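For reference, the structure discussed in these notes is given below.
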Amino acid sequence: MEPKDIAKLELPEDVMRQYGHSIVDMIVDHNLNQHKKLPVAQATRSEMDSVFLEEAPEKGTEVMQVLDFVMQQVVPYSNIMSHPKFYSFVPGPSNYVSAMADALATGFNIFSGGWAAAPAAAELEIVTINWLLKIFGLPAKRGGGIFTSGGSMANLTALVTARSIKCGEDFSKAVIYLSDQAHSSNIKAIHVLGFKKEQIRIIPTDIEFKFAINKLKNAINKDCLEGLQPFCLIASAGTTNTGTVDPLSELAAICKKEKLWFHIDGAYGGAAILAKAGKKILKGMEKADSITVDPHKWFYQPYEMGCLLVRNHKWLSGTFTEKPEYLKDVEGNPSEINFYDHGIQLTRRFRALKFYMSVKTFGLKAFREAVEYNFALAEKTEALLRKSPKWEVVSPATLAVINFRYNPIDKKLTEDEIDDLNRMISKKVVESREAMLVTTYLNGMVVLRMCLINPRTTLDDVRDTINLCEKFAVA
Ligand SMILES: Cc1ncc(COP(=O)(O)O)c(C=O)c1O
């Protein structure tokens, strides 16, 4: 390599092509063969240190050699979130078109902050946000939104907006309500925003893990009587633990009556609206002031892509617009949205492109069918478990999440023994690296949790995994 090339951080054309083609080949191979690999990666800090720890090298290394090293030492030490037997947390099924769209967006380094920098990128964000507004039943003309790095950032952006619109500058008396099953990113956002503990009401859930409405009403009443300012309620449209959807219509009515901002965290379950059954369960979403959805989950997009939708786009611009002198020349007219005025980031990657290209390529119908498939698979899994005398379904298939535990009826185990057994099963499954299946707690019970949002997971995959669990249970 010529020194002048290195100084510009460039590669010769033939090397660039070979390098890029090799990477594409590797990604395609991975897409074709990932199901034959083990989904779980394991390594200790000291093992990783022994491979990677070094001073930043002054001298470069041959480009293909660095790539080989990464393919041998980095990629295999990452869980395969898109593997058919990756059931835990929220899997990331992703899709190839979007992965390539990300490569395009990065390869051209498109700046998706303001209209003037990339009008088409801003337009595509407007267009795809409009698609989502329509899907979720928010007003198409007045509504708005923004793509974020993920659900956590979307929730944070929502709460900043809610606070600004409902409280203005003074939020000293403001109170926010969420259930004990709301995702931790909401509490994190509330803390980031500087609310004190006394301003947060964590409302217990009922037997189905839904917001306990009466307890919520009591809490709001009490706060009003004490001269506080109830200002926002966060509902879940698909809790991470059980896929449970809060009673959205009832909560919407309470918010309307009490003048609360109604935020729905649909990061996990929002995409279920694409399935017929999901649409029914998610009735009431259209009444939200703001909705978090997370395309890098169940809209099958690669990381990172979250999204915040709002009923009125002016709420975002009213909250986030700053007018520094160095951006004056590129302000443009109000119809030409500068997304840096709709959220926290100024410099933003072009996230809309992957959503756009994948929906254009496959069609929304394919997405609907994939979500329908996920619903059906979770229901079949539930039926499979219910048929067996060894398994107990603790929380039924809801939005493609199911919680269950090993509890053979003939064994008459104590609760502690069942907990230990299920912890042990999960540990052994994960150690085997054959499947990713971790536990969670429900009503004080240790349960196994399967999140079945990967359209490549088959009932045979599930059967294999259940058999693996049973093998470890008796070992
Ligand atoms: C309901 C819910 N909200 C928010 C989040 C946070 O989203 P992200 O991990 O994309 O930041 C998650 C993640 O699992 C979630 O399930």
Side-chain angles (χ1 to χ4, degrees), residues 78-79 81-82 86-94 98 102 132 136 145-160 162 176 178-193 202 205 209-211 232-246 248 251 262-273 278 281-282 285 288 290-309 343-345 348-349 351 354-355 371 374 378 395 398-403 436 438-442 449-454:
S78 312
N79 285 340
M81 308 292 287
S82 49
F86 196 101
Y87 305 105
S88 293
F89 320 115
V90 180
S94 190
S98 292
D102 257 356
L132 286 164
F136 286 96
I146 185 165
F147 291 123
T148 60
S149 55
S152 303
M153 280 303 290
N155 282 333
L156 176 63
T157 311
L159 298 186
V160 175
I176 186 160
L178 64 166
S179 88
D180 61 17
Q181 291 294 308
H183 189 264
S184 56
S185 59
N186 293 294
I187 279 288
K188 199 186 268 188
I190 292 167
H191 289 151
V192 169
L193 284 168
I202 305 211
T205 40
F209 308 105
K210 293 180 181 172
F211 239 112
C232 178
L233 183 145
I234 305 171
S236 304
T239 61
T240 320
N241 252 346
T242 55
T244 300
V245 177
D246 282 324
L248 301 177
L251 292 174
F262 185 28
H263 176 60
I264 299 182
D265 180 359
Y268 169 64
I273 205 157
I281 301 170
L282 292 173
M285 268 194 109
S290 56
I291 299 176
T292 285
V293 285
D294 219 2
H296 66 197
K297 293 185 168 76
W298 209 353
F299 275 102
Y300 312 109
Q301 300 301 313
Y303 305 129
E304 298 176 344
M305 191 179 201
C307 176
L308 174 67
L309 302 172
I344 295 163
Q345 276 184 283
R348 306 168 66 242
R349 54 180 293 109
R351 296 191 179 96
K354 54 186 162 187
F355 195 78
V371 176
N374 296 142
S395 169
T398 312
L399 264 52
V401 177
I402 176 158
N403 291 274
M436 181 52 110
V438 302
T439 62
T440 187
Y441 284 86
L442 287 184
R449 172 182 168 281
M450 265 189 182
C451 180
L452 292 160
I453 63 166
N454 189 335

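Remember, it's a predicted structure, so these values are computed and weren't measured experimentally. The figures here come from the full heavy-atom set of this structure, side chains too, leaving out hydrogens, waters and symmetry mates. This chain uses plain numbering: 1 for the first residue, then up along the sequence. Counting starts at 1 for both ligands and their atoms, following the listed order.
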Hey, does the side chain of [X] reach the backbone of [Y] with a donor-acceptor pair shorter than 3.5 angstrom?
| X | Y | result |
| --- | --- | --- |
| R449 | N241 | yes |
| Q301 | F299 | yes |
| K297 | G92 | no |

>> Distance under 4.0 Å, heavy atoms only, partner ligand 1: which residues pass?
In response: V90, G150, G151, S152, N155, H183, S185, G238, T240, D265, A267, Y268, D294, H296, K297

> Taking only residues two or more places apart in sequence or in another chain, which ones pass side-chain contact (heavy atoms from CB on, under 4.5 Å) with N454?
Replying inline: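 Partners of N454 by the side-chain contact (heavy atoms from CB on, under 4.5 Å) criterion, ordered by chain and then number, come out as P93, R456, T457.
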
> Would T292 and N155 count as having a side-chain donor-acceptor pair, cut-off 3.5 Å?
Replying inline: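 Yes, side-chain donor-acceptor contact under 3.5 Å.
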
>> Tell me whether K354 is salt-bridged to D102, with the criterion being a basic N under 4.0 Å from an acidic carboxylate O.
In response: yes

